[in-house]
Amino acid sequence: MKYWLLKSEPSRYGIDDLARDRVTAWSGVRNYQARNFMRDEMRPGDRGFFYHSSCEEPGIAGIVEVSRGAYPDPTQFDRKSGYCDPGAARGEPRWFNVDVKFVKKTRLIGLAELRGHKALKNLRVLQRGNRLSITPVTQAEWECIIGLLGKA
DNA sequence: GCCAACGTTGGC
DNA sequence: GCCAACGTTGGC
């Protein structure tokens with residue numbers, strides 16, 4: 001079982017949207033590294049932090065669980081979708097996505113707080129210039145952050 | 001709005 | 001296969 005951090009802009013789709021929907025397709029990812037994580041490494045039962053990016057208070061806002069392993073992202077074939085990829089063919093999908101389900105909403109753990117912990121110094125989302133929307137989280141990092149949530 | 005960082009594209 | 005140009009991301 002692995003741990004992940006999934007970024008989303010709350011103005012597009014935030015933790016409250018997932019709390020309402022309970023399950024959502026993590027579709028629309030158009031980056032090969034992130035795709036490979038979903039296709040090759042993410043398995044049902046894996047857990048992840050839901051991270052709010054490009055917003056007033058960037059940070060971890062919730063916990064999710066992978067509820068379905070990777071399958072071809074239907075939006076790549078949808079001509080009306082902004083995620084449509086003319087280079088993708090039905091028999092040869094280029095993009096994949098998993099489904100994630102809501103586990104819980106947490107208090108917001110902002111970047112400054114995350115940076116305050118040595119155990120998190122390698123957390124990808126804290127690195128300069130990090131843009132990858134899906135990143136692995138080590139078990140030690142996961143446990144450190146879960147520990148922070150135990151506090152007020 | 002700025003700007004650093006990074007991925008992708010395309011000419012050669 | 002190199003690399004400059006460009007577009008996007010995302011914190012500040």
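For clarity, every value in this text was computed on a predicted model and none was experimentally measured. Order of the sequence lines sets the chain letters (A, B, ...), proteins ahead of strands, with each chain counted from 1.
With respect to the salt-bridge test (charged N to carboxylate O, under 4.0 angstrom), the residues Asp16(A) and Lys105(A) qualify.
You can see that DNA chain C meets the heavy atoms of chain A within a 4.0 Å-exclusive cut from dG7(C) to dC12(C), reading 5' to 3'.
Listed for the Asp21(A) side chain is no donor-acceptor partner under 3.5 Å among the backbone atoms of Thr24(A). Of the possible polar contacts, none joining the Glu9(A) side chain to the Ser53(A) backbone as a donor-acceptor pair under 3.5 Å is found.
Arg115(A) comes within 4.0 angstrom of the backbone, heavy atoms only, and of no base.
Within 6.0 Å of CD in Glu57(A) there are 12 or fewer heavy atoms belonging to other residues, nucleotides or ligands.
Asn97(A) is not listed as a side-chain neighbour of Met42(A), based on a closest heavy-atom distance of 4.5 Å or more.
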